[in-house]
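As structure tokens, the structure follows; a few thoughts come after it.
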Amino acid sequence: MEPCSCDTFVALPPATVDNRIIFGKNSDRLCDEVQEVVYFPAAVHENLREHLQCTYIEIDQVPETYAVVLSRPAWLWGAEMGANEHGVCIGNEAVWGREEVCDEEALLGMDLVRLGLERADTAEKALNVIVDLLEKYGQGGNCSEGRMVFSYHNSFLIADRKEAWILETAGKYWAAEKVQEGVRNISNQLSITTKIDWEHPDLRNYAKQKGWWDGKTEFDFAATYSYLDTAKMMLSPGRYCEGYKLLNKHKGNITFETMMEILRDKPSGINMEGEFLTTASMVSILPQDSNLPCIHFFTGTPDPERSVFKPFIFVPNVSQLLDTSSPTFDLEDPVKKKPRFQFKPDRRHPLYQEHQQALEVIDKKEEKAKTMMDNMRKLEKELFKEMESILQNKHLDVDKIVNLFPQCAKDEIRIYKSNISS
């Protein structure tokens with residue numbers, strides 16, 4: 001099993017039911033890293049001379065940013081995955097290849113996820129935003145909170161109500177593939193081969209200069225920029241292949257619940273355990289009918305099998321997501337002070353703390369474990385029924401939806417507390 005991993009999936013009609021695009025991602029990170037779910041409203045930025053501080057570097061701000069909901073490691077500015085008010089979803093993966101990884105501080109792939117969501121109202125525009133920023137600022141820097149340097153290049157799966165794009169990078173070079181139907185997934189390897197719909201203008205020349213491509217054979221991005229034998233890519237035992245098999249198994253009948261089952265799958269390695277584990281998960285429903293709302297489910301806790309997928313819908317005046325927001329340390333934060341990462345503060349948010357305590361109890365008591373899991377699944381089923389009703393009846397009670405995710409988090413905490421105290 002790969003030591004560092006994530007898996008991102010998309011299913012489009014005719015692989016899905018009810019003309020919906022379904023997006024899903026497991027974020028697999030170091031086992032002690034806390035992931036928070038946070039909301040940032042749309043904003044107008046009048047003073048463009050003020051720069052935007054990302055995780056490590058400052059960049060130019062834009063006049064307007066869209067509302068976003070993000071699942072992110074609590075120590076950084078960007079996000080592992082998220083969505084915006086226009087129904088754009090992005091997830092990223094760590095990838096390595098022939099091009100050397102840069103340890104110098106630049107934009108993290110996770111910063112690029114958030115920037116794409118904040119600045120683009122379609123998947124294609126988000127791709128544009130990311131590659132423009134990649135060209136201008138580069139990618140690099142430590143991707144983990146600690147003194148162990150852990151850096152990588154990035155691939156991205158970007159989806160909206162109409163289509164999806166796969167964007168894979170090697171330093172500042174990149175290739176992109178458009179996905180308009182069926183299923184597609186990305187994992188911790190380059191996966192774009194000969195179907196390239198958009199690319200860095202010097203992608204092929206650079207490969208020729210490095211001696212990776214002879215300029216005569218058909219250009220295969222993954223084979224050229226990494227060490228993969230792409231002919232055997234779909235036969236290997238890794239998570240990319242396993243994820244593809246799971247998607248294909250359900251092709252034609254994929255729903256948001258199917259996607260959650262895939263993310264919860266342990267035998268395939270998609271739901272990771274060990275030093276690197278699935279620290280948070282996300283599933284989104286993107287209806288092709290623009291009159292229907294997009295619905296985004298987040299866990300905000302490790303192991304989707306023992307977590308609750310809670311829904312979020314963009315409406316005006318959304319309540320802040322306090323139970324899944326980690327404490328902040330402002331200028332005292334060891335990420336912001338140089339030398340960085342001199343100590344590790346406690347970043348656990350209220351939901352994470354209660355979840356952790358509950359798991360410690362149920363690991364020792366089988367009967368309590370069953371009761372708690374039954375209550376969690378019951379809560380989830382009620383939420384799924386409610387969300388399906390919104391999509392079928394095309395009716396949204398906005399006053400209720402502003403508190404939808406915060407209320408779900410409180411209901412989940414109540415289950416954990418009653419389990420611990422009983």
Side-chain angles (χ1 to χ4, degrees), residues 4 6 25 27-30 32-40 43 45 50-62 65-66 68-84 90-95 101-120 126 129-156 158 167 169 171-172 279-280 282 300 324-349:
C4 164
C6 286
K25 178 177 174 182
S27 172
D28 304 330
R29 307 272 304 167
L30 281 163
D32 63 346
E33 185 180 78
V34 177
Q35 202 150 144
E36 59 179 351
V37 181
V38 285
Y39 166 78
F40 295 98
H45 309 279
E50 276 187 15
H51 282 141
L52 171 67
Q53 178 66 53
C54 299
T55 302
Y56 296 128
I57 66 165
E58 289 187 347
I59 66 167
D60 294 334
Q61 184 55 285
V62 290
T65 50
Y66 300 124
V68 295
V69 60
L70 309 171
S71 185
R72 67 177 187 180
W75 62 272
L76 52 74
W77 181 85
E80 273 278 296
M81 51 203 172
N84 72 16
I90 309 179
N92 81 312
E93 309 283 328
V95 290
V101 171
C102 173
D103 290 337
E104 278 179 41
E105 291 182 352
L107 287 173
L108 293 179
M110 293 172 280
D111 292 338
L112 291 166
V113 169
R114 178 171 174 179
L115 290 162
L117 291 170
E118 286 191 339
R119 299 181 177 197
V129 165
I130 292 170
V131 298
D132 286 352
L133 290 165
L134 196 57
E135 186 69 31
K136 190 170 181 181
Y137 299 103
Q139 60 179 322
N142 195 355
C143 300
S144 70
E145 183 187 17
R147 297 184 198 181
M148 177 189 84
V149 177
F150 175 53
S151 304
Y152 46 77
H153 296 145
N154 291 269
S155 65
F156 304 86
I158 312 166
L167 168 63
T169 71
K172 71 171 187 176
T279 53
M282 169 185 175
T324 56
S325 295
S326 293
T328 54
F329 302 92
D330 300 322
L331 295 174
E332 291 305 305
D333 197 307
V335 179
K336 293 174 183 164
K337 292 172 80 171
K338 291 186 178 179
R340 302 193 199 276
F341 307 121
Q342 295 304 295
F343 69 98
K344 225 175 187 177
D346 183 356
R347 299 188 188 274
R348 294 174 303 156
H349 50 72

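Residue numbers count from 1 along this sequence.
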If you compare all heavy atoms of L108 against all heavy atoms of C143, which two are closest, and at what distance to 0.1 Å?
CD2-SG, 3.8 Å
Between the side chain of H349 and the main-chain N/O of A74, is any donor-acceptor distance below 3.5 Å?
no
NZ-CG distance between K136 and L107, expressed to the nearest 0.5 angstrom
10.5 Å
Hydrogens and angles aside, do S27 and E80 bring a side-chain donor and acceptor to less than 3.5 Å of each other?
yes
Side-chain heavy atoms of T169 within contact of F156, under 4.5 Å
yes
Sequence neighbours left out, what passes side chain to side chain contact (heavy atoms under 4.5 Å, CB included) with P345? Give chain and number order.
E145, F329, P334, F343, R347
Can you find a heavy atom in the side chain of F40 that is under 4.5 Å from one in the side chain of L70?
yes
Under a 3.5 Å distance rule, please check whether E58 uses its side chain to pair with a backbone N or O of Q53 as donor and acceptor.
no
So, are K336 and D330 salt-bridged, with charged N and O less than 4.0 Å apart?
no
What I'd like to find out is whether the side chain of R72 reaches to under 4.5 Å of the side chain of R114, using heavy atoms alone.
yes
Within this structure, what is the CD1-CD1 distance for the pair I59 and I57, rounded to the nearest 0.5 Å?
6.5 Å
At what distance, to the nearest 0.5 angstrom, does OG of S144 lie from CD of E33?
7.5 Å
Taking atom types as modelled, is there a side-chain donor on E93 or N154 under 3.5 Å from an acceptor on the other?
no
Are L112 and L133 close enough that some pair of their side-chain heavy atoms sits under 4.5 Å apart?
yes
Quick one, L30 and F150 - any side-chain contact, counting heavy atoms below 4.5 Å?
no
To the closest 0.5 Å, what do you measure between CE (M81) and OG (S71)?
3.5 Å
Salt bridge (Lys or Arg N to Asp or Glu O under 4.0 Å) pairs touching residues 101-113, sequence neighbours excluded, are E105-R340
Distance (rounded to the nearest 0.5 Å) between L52 CG and L115 CG:
6.5 Å
The reported gap from OG1 in T65 to CD in E118 (rounded to nearest 0.5 angstrom) is 5.0 Å
What one should report as the nearest heavy-atom pair of L117 and N84 is O-ND2, 2.8 Å
Hey, does S326 have a side-chain heavy atom less than 4.5 Å from the side chain of R348?
no
Under 6.0 Å between ring centres, would you say that holds for W77 and Y56?
no
Check: T279/Q35 side-chain N/O donor and acceptor closer than 3.5 Å:
yes
Is any side-chain heavy atom of T55 closer than 4.5 Å to one of M110?
no
